[in-house]
Each structure stands twice: as C-alpha cells, then as structure tokens.
Amino acid sequence: AGVWGWGQAPPKLVPLDDIAQVDLSLMQVLYTTGDRAAVVPIFSYDLPPEVEGAWRQVLIFAGAPGLLVALLVLLLVKEPDPCKATIQRPGQDGPEALDLEQCPTPEEYNSGSVWGSPLFRWVTLGATLQDLAFWSVAAWQASFYERVFHLGSETYSPWLAFAIPVGG
C-alpha cells in the first residue's frame with residue numbers, strides 16, 4: 001500500500017493557470033504551493049475487493065433499528081396539542097393557558113409569526129448548537145484516530161459509520 005495506503009490517491013500537482021480546467025466535482029484541491037495546486041480524486045478509494053461493498057452493509061445494519069424506532073414513535077407517541085400549552089408573555093408574572101381563540105392557525109405559523117414564540121427560538125437555537133457540536137466532533141474524530149492510534153481509514157471508517165447514526 002505504500003505511504004498512501006488504501007483509500008488514498010497521491011496528490012497531483014496542477015499549474016494554477018490550468019486549475020479552471022479541473023473538474024472540481026471529481027477532484028478536491030488539498031493545498032496550493034507556489035504556482036501549483038495539489039489535487040486528489042474525491043471518490044478514488046481503490047479498495048480491495050473484499051471491502052468494496054462493506055459500507056452498504058454497515059448502513060443497512062445501522063439503518064434498520066432507526067426504521068423500527070421511527071415506526072414505534074409513529075404508533076406510540078402522540079403529538080401534543082399546541083393549543084393546550086401554556087405561555088409566558090413578556091411582563092407577566094406566571095404562565096397562562098392558551099385558549100382556542102389565541103391558538104395560532106396554520107396560516108399564522110406559515111406567515112412567520114412562529115418566530116415570535118420564545119419557545120420556538122430557544123428550541124431552534126438548542127438544535128443548531130447541538131448540530132454544530134456533533135459535526136465538529138465527527139470532523140475531528142477521523143484525524144484523531146489517524147494521529148493518535150495510527151489507524152488507517154479502512155479500520156475506523158466502518159466503526160464510525162455504525163456509531164454515528166446509532167449513537168447520534
């Protein structure tokens with residue numbers, strides 16, 4: 001396998017004057033140096049035959065429990081009625097129950113009035129920060145395995161492909 005190992009192609013140096021002719025949907029620019037850019041194929045893994053289709057099996061194995069959980073949630077979890085919720089209005093001492101006349105209609109939600117709800121803004125902010133943290137860790141994890149444990153991507157990729165969807 002040499003220096004590059006399985007799943008890695010050595011970079012090709014392309015003159016910057018010719019970079020416009022490179023199909024960037026198939027190639028990735030790693031870095032530039034002087035008047036040249038180092039490019040590598042995006043999907044040129046050159047995996048051994050016994051590993052070639054393994055990622056599909058991992059995704060099927062990891063996806064099946066998710067489909068089961070989705071079916072259970074669909075059948076067993078009842079969507080809460082937003083009109084029976086309580087709301088804390090600015091300047092008010094305590095929460096009050098919403099009555100049906102204050103309940104927003106679907107048209108009001110679609111018109112953007114939902115952004116006026118502090119609950120909606122906090123839930124959206126929390127989901128955004130959680131997503132940012134998750135993808136930050138996921139992006140860092142592969143390089144960590146390579147640097148610290150000297151593992152190749154053929155070793156840790158199946159485990160990450162399983163752990164990320166299952167463990168969240």
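- Interatomic distance, Gln130 CD to Trp135 CH2, rounded to the nearest 0.5 Å: 10.5 Å.
- Leu74 and Leu68 fall into different hydrophobic clusters, where Ile, Leu, Val, Met, Phe, Trp and Tyr residues are linked whenever their side-chain heavy atoms come under 4.5 Å apart, directly or through other members.
- Tyr145 and Phe134 fall within the same hydrophobic cluster, defined by Ile, Leu, Val, Met, Phe, Trp and Tyr side-chain heavy atoms under 4.5 Å apart, directly or through other members.
- Separation of the Phe149 and Phe144 ring centroids falls under the 6.0 Å cut-off.
- In this structure, Thr155 OG1 and Leu160 CG are separated by 11.0 Å, a value rounded to the nearest 0.5 Å.
- With contacts defined as side-chain heavy-atom distances shorter than 4.5 Å, the pair Thr32/Leu16 qualifies.
- For the pair Thr33 and Tyr31, the minimum side-chain heavy-atom distance is below 4.5 Å.
- Remark: Asp18 pairs with Val14, Pro15, Gln21 by the side-chain contact (heavy atoms from CB on, under 4.5 Å) rule, at least two apart or across chains.
- Here the shortest heavy-atom pairing between Pro158 and Ser153 reads CD-O, 4.2 Å.
- For Thr124 (side chain) and Phe120 (main-chain N/O), a donor-acceptor pair under 3.5 Å exists by modelled atom type.
- A donor atom on one side chain and an acceptor atom on the other are found under 3.5 Å apart for Tyr156 and Glu146.
- A continuous path of Ile, Leu, Val, Met, Phe, Trp and Tyr side chains, each step under 4.5 Å between heavy atoms, connects Trp140 with Val148, placing both in one hydrophobic cluster.
- Nearest heavy-atom pair, Ala37 versus Ile19, reported as atom, atom and distance to 0.1 Å: CB-CD1, 3.9 Å.
- Proximity of Leu67 to Leu71: side-chain heavy atoms (C-beta onward) are nowhere separated by under 4.5 Å.
- Under the 4.5 Å side-chain contact rule for hydrophobic residues, Val69 and Val77 share a cluster.
- Taking the side chain as every heavy atom from C-beta outward, Val40 and Lys12 never approach each other to under 4.5 Å.
- One hydrophobic cluster holds both Val29 and Met27 under the rule that ILVMFWY side chains link at heavy-atom gaps under 4.5 Å.
- Side-chain N or O atoms of Ser157 include none that pairs as donor or acceptor with a backbone N or O of Glu154 at under 3.5 Å.
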